[in-house]
Amino acid sequence: KAAARILHEREWRRRRRVAVDAAVEDGSLGLDVLKRPLFPYQLAGVQHLAANGRAMLADDMGLGKTVQALAACEVLRRRGEASRVVVVTSATLKHQWAREIERYTGASASVIGGGAAARREALESDTPYKVLNYELTWRELQTLQNLEADVLILDEAQRAKNFRTRTATTLRAIPSRFLFVLTGTPVENRLDDLYSLLQLVDPDVLGPLWRFNLDFHAQNARGRVEGYRNLGALRQRTAPWVMRRRKEEVLSQLPPLVEQTRYTAMTEEQVRLEGGYRADAANLLSIAERRPLTKEEMQRAMGLLLKARQACNAV
């Protein structure tokens, strides 16, 4: 029964991919669905995600993986295939994702945080997008499993590059009809990084680990990895699920670089802090007019100047 279910799901995905690609080609399905227009390479990325349903987008940093993933989600929402989207990212990027969701889609997003009750309420809310950090997936696994998200987005997915870690195990336990893996570094140090990420997309892409190691690793008599082989075959096998573009490949589609210098006045508190640290540093450095500063005095002066700069940068 399990084998029959897997074969049925594969066939459903294949037919769906063909149907979505055909709809895009004949114009019946639009991909430019955000409040701001996308570049041609980004539209190709949207089609890759939306048509495959479960796929990896591995563009270089700065090429807009976030907006491509959001556009793909909006395409799925308009097709009636998705209503609940869960975004997993680093803790420092949760609120940025929420702002981007509202900015580009106009939809609301719940940022998951706080105590257990607040997290549970946010996850069970009616907002179409829920955003949480990787560490919270451990605590809220049961709720995420009950939620049965239509789309699961894994941002900065290299966090799960080791498939034996608690994070990777937890992510594999979260059910979702569609899954988008976003990373600028599909392979950081080892080829196993790619294997781990594709295990999240579809475990059948690369098969069991022993077969993957046998096919693509060069090992010595003791089983120690000494290099890689058959990389062309590996790229060919993963191509349907992995899209990667480097900046130099799409540079002609990007607008010219525009540099702007803007000056922002400091607040009264910043002026007070910066002035105090700078005055203390000046007093220390004035000693150097009479004698050389000791090592401790020099370190203290540099520390005061650092704090003065930090006061200017604080928000």
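Just so you know, residue 1 is the first one in the sequence shown, and it goes up from there. None of these values were measured; they are calculated from a predicted model.
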What pairs with Gln260 under side chain to side chain donor-acceptor pair (under 3.5 Å), at least two apart in sequence or on another chain? Arg262

Can you list every side chain to side chain donor-acceptor pair (under 3.5 Å) pair that touches residues 229-242, not counting sequence neighbours? none

Rounded to the nearest 0.5 Å, what separation is found between the CD1 atom of Ile153 and the CG atom of Leu70? 6.0 Å

So, Arg84 and Asp150, do they make that salt bridge, N to O below 4.0 Å? yes

Name all residues meeting the salt bridge (charged side-chain N to carboxylate O under 4.0 Å, His left out) criterion together with Glu268; count only those two or more places apart in sequence or in a different chain, and write none if there are none. none

Residues in salt bridge (charged side-chain N to carboxylate O under 4.0 Å, His left out) contact with Arg78, at least two apart in sequence or another chain: none

Would you say that Gln145 contacts Glu140 through its side chain, given a criterion of any heavy-atom pair below 4.5 Å between the two side chains? no

Parallel, tilted or perpendicular: which one describes the rings of Tyr195 and Phe212, with boundaries at 30° and 60°? tilted

Output, in order, the C-alpha distance, side-chain angles, deciding distance and verdict of salt bridge (charged side-chain N to carboxylate O under 4.0 Å, His left out) for Glu81 and Arg16. CA-CA 11 Å; Glu81 294 183 299; Arg16 181 186 172 281; 2.8 Å; yes

Applying ring-ring contact (aromatic ring centres under 6.0 Å, His included), name anything that partners His48, two or more places apart in sequence or on another chain. none

Which side chain to side chain donor-acceptor pair (under 3.5 Å) pairs, counting each pair once, include a residue from residues 58-70, with sequence neighbours left out? Asp59-Gln68, Asp59-Arg245, Asp60-Arg244, Gln68-Arg245

Rounded to the nearest 0.5 Å, what's the gap from CG on Leu123 to CD on Gln142? Could you check? 12.0 Å

Rounding to 0.5 Å, atoms CG (Leu179) and CG (Asn52) come to a distance of 12.0 Å

Measure the acute angle between the ring planes of Phe39 and Tyr41, then classify it against the limits of 30° and 60° as parallel, tilted or perpendicular. parallel

